[in-house]
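Quick notes on the structure that follows.
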Amino acid sequence: MTYQFNRDPESGMILVTVWLDDENELKMALDTGATRTTFDFNALHLAEYPVKDITEKGAIETANGIIDVGVFKVDSLSAFGHTKRNMKVQVYDFLAHGILSDYEGVLGLDFFENTAFRIDMKNQTIEVEECV
């Protein structure tokens, strides 16, 4: 299927809507350079999302240096007609690390495992196809 996306006029980032556990609608930046999907802890807190127990710790490299993150599983994450279940995601406090943004996280390549996807920048569309 083909889906339209919007680009932030200032940053040029691709902004997408995702559904967390079919209940929480969040705006995220699509980042094809990000290995894992990452959420801002404050956005999850404001959405009253019950952050489950952190199952492991990790670290990511950002423009501001290495940041420690927590890793937990979400029941489901949906975007572009694709749903990934029991997905491990990262979480940290963006604001505490000097990141002030209009989006609640970064949708990484791990979301697109077992899919074929194509980004058409000219027409601002994304095609996502499930692979078996």
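Keep in mind it's a predicted model, so treat the numbers as computed, not measured.
- Both Tyr3 and Ile119 belong to a single network of hydrophobic side chains, linked directly or stepwise wherever heavy atoms of I, L, V, M, F, W or Y lie under 4.5 Å apart.
- Atom CG of residue Leu15 and atom CE of residue Met28 lie 11.0 Å apart, to the nearest 0.5 angstrom.
- Residues Ala116 and Cys131 share a closest heavy-atom pair of N-SG, 3.5 Å.
- More than 12 heavy atoms of other shown residues, nucleotides or ligands fall within 6.0 angstrom of atom CD in Gln4.
- The shortest distance between side-chain heavy atoms of Leu77 and Val18 falls below 4.5 Å.
- For Asp8 (side chain) and Met13 (main-chain N/O), no donor-acceptor pair under 3.5 Å exists by modelled atom type.
- Counting heavy atoms from C-beta outward, Met121 and Arg7 have side chains that approach closer than 4.5 Å.
- One distance of note links CZ of Phe111 with CZ of Phe80; it measures 7.5 Å at 0.5 Å rounding.
- Considering every non-hydrogen atom in both Ala59 and Val69, the closest pair reads N-CG2, 3.9 Å.
- Leu30 places none of its side-chain heavy atoms less than 4.5 Å from the side chain of Phe5.
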**Report entry** Check against side-chain contact (heavy atoms from CB on, under 4.5 Å), Leu46 and Leu44
**Finding:** CA-CA 5 Å; Leu46 289 173; Leu44 295 178; over 6 Å; no
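- The backbone N or O of Glu127 lies less than 3.5 Å from no partner atom in the side chain of Arg118, so there is not a single donor-acceptor pair.
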Requested in this report: Apply side-chain contact (heavy atoms from CB on, under 4.5 Å) to the pair Tyr49 and Val74, showing each step before the final yes or no.
Outcome: CA-CA 10 Å; Tyr49 181 79; Val74 296; 3.5 Å; yes
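- Under a cut-off of 6.0 angstrom, the local environment of CD in Glu56 is crowded, with over 12 non-hydrogen atoms contributed by other residues, nucleotides or ligands.
- With rounding to the nearest 0.5 Å, the separation of OG in Ser76 from CG in Leu20 is 7.0 Å.
- Nearest heavy atom pair, residue Thr83 against residue Ser78, reads OG1-OG, 2.7 Å.
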Requested in this report: Could you walk me through whether Lys27 and Glu104 pass the salt bridge (Lys or Arg N to Asp or Glu O under 4.0 Å) test, one step at a time?
Outcome: CA-CA 6 Å; Lys27 182 169 52 170; Glu104 285 92 17; over 6 Å; no
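- Taking the side chain as every heavy atom from C-beta outward, Val128 and Ile126 approach each other to under 4.5 Å.
- The closest donor-acceptor contact from the side chain of Lys84 to the backbone of Asp110 lies under 3.5 Å.
- When side chains are defined from C-beta on, His82 counts as touching Thr115, because their heavy atoms get closer than 4.5 Å.
- Looking at Asp120, its side chain does come within 3.5 Å of a backbone N or O of Lys122 through a donor-acceptor pair.
- Annotation: the span from Asp21 atom CG to Arg85 atom CZ amounts to 9.0 Å, rounded to 0.5 Å.
- No donor-acceptor distance shorter than 3.5 angstrom exists from the side chain of Thr37 to the backbone of Val89, with no hydrogens or angles considered.
- Just one residue in the list Asp31, Val71, Leu109, Ile60 forms a side chain to side chain contact (heavy atoms under 4.5 Å, CB included) with Arg36, and that residue is Val71.
- Annotation: ring-ring contact (aromatic ring centres under 6.0 Å, His included) contacts involving residues 112-132, sequence neighbours excluded, comprise Phe112-Phe117.
- Looking only at atom types and distance, the side chain of Asn86 has no donor-acceptor partner in the side chain of Asp75 under 3.5 Å away.
- Side-chain polar atoms of Asp40 and Tyr92 form no donor-acceptor pair below 3.5 angstrom.
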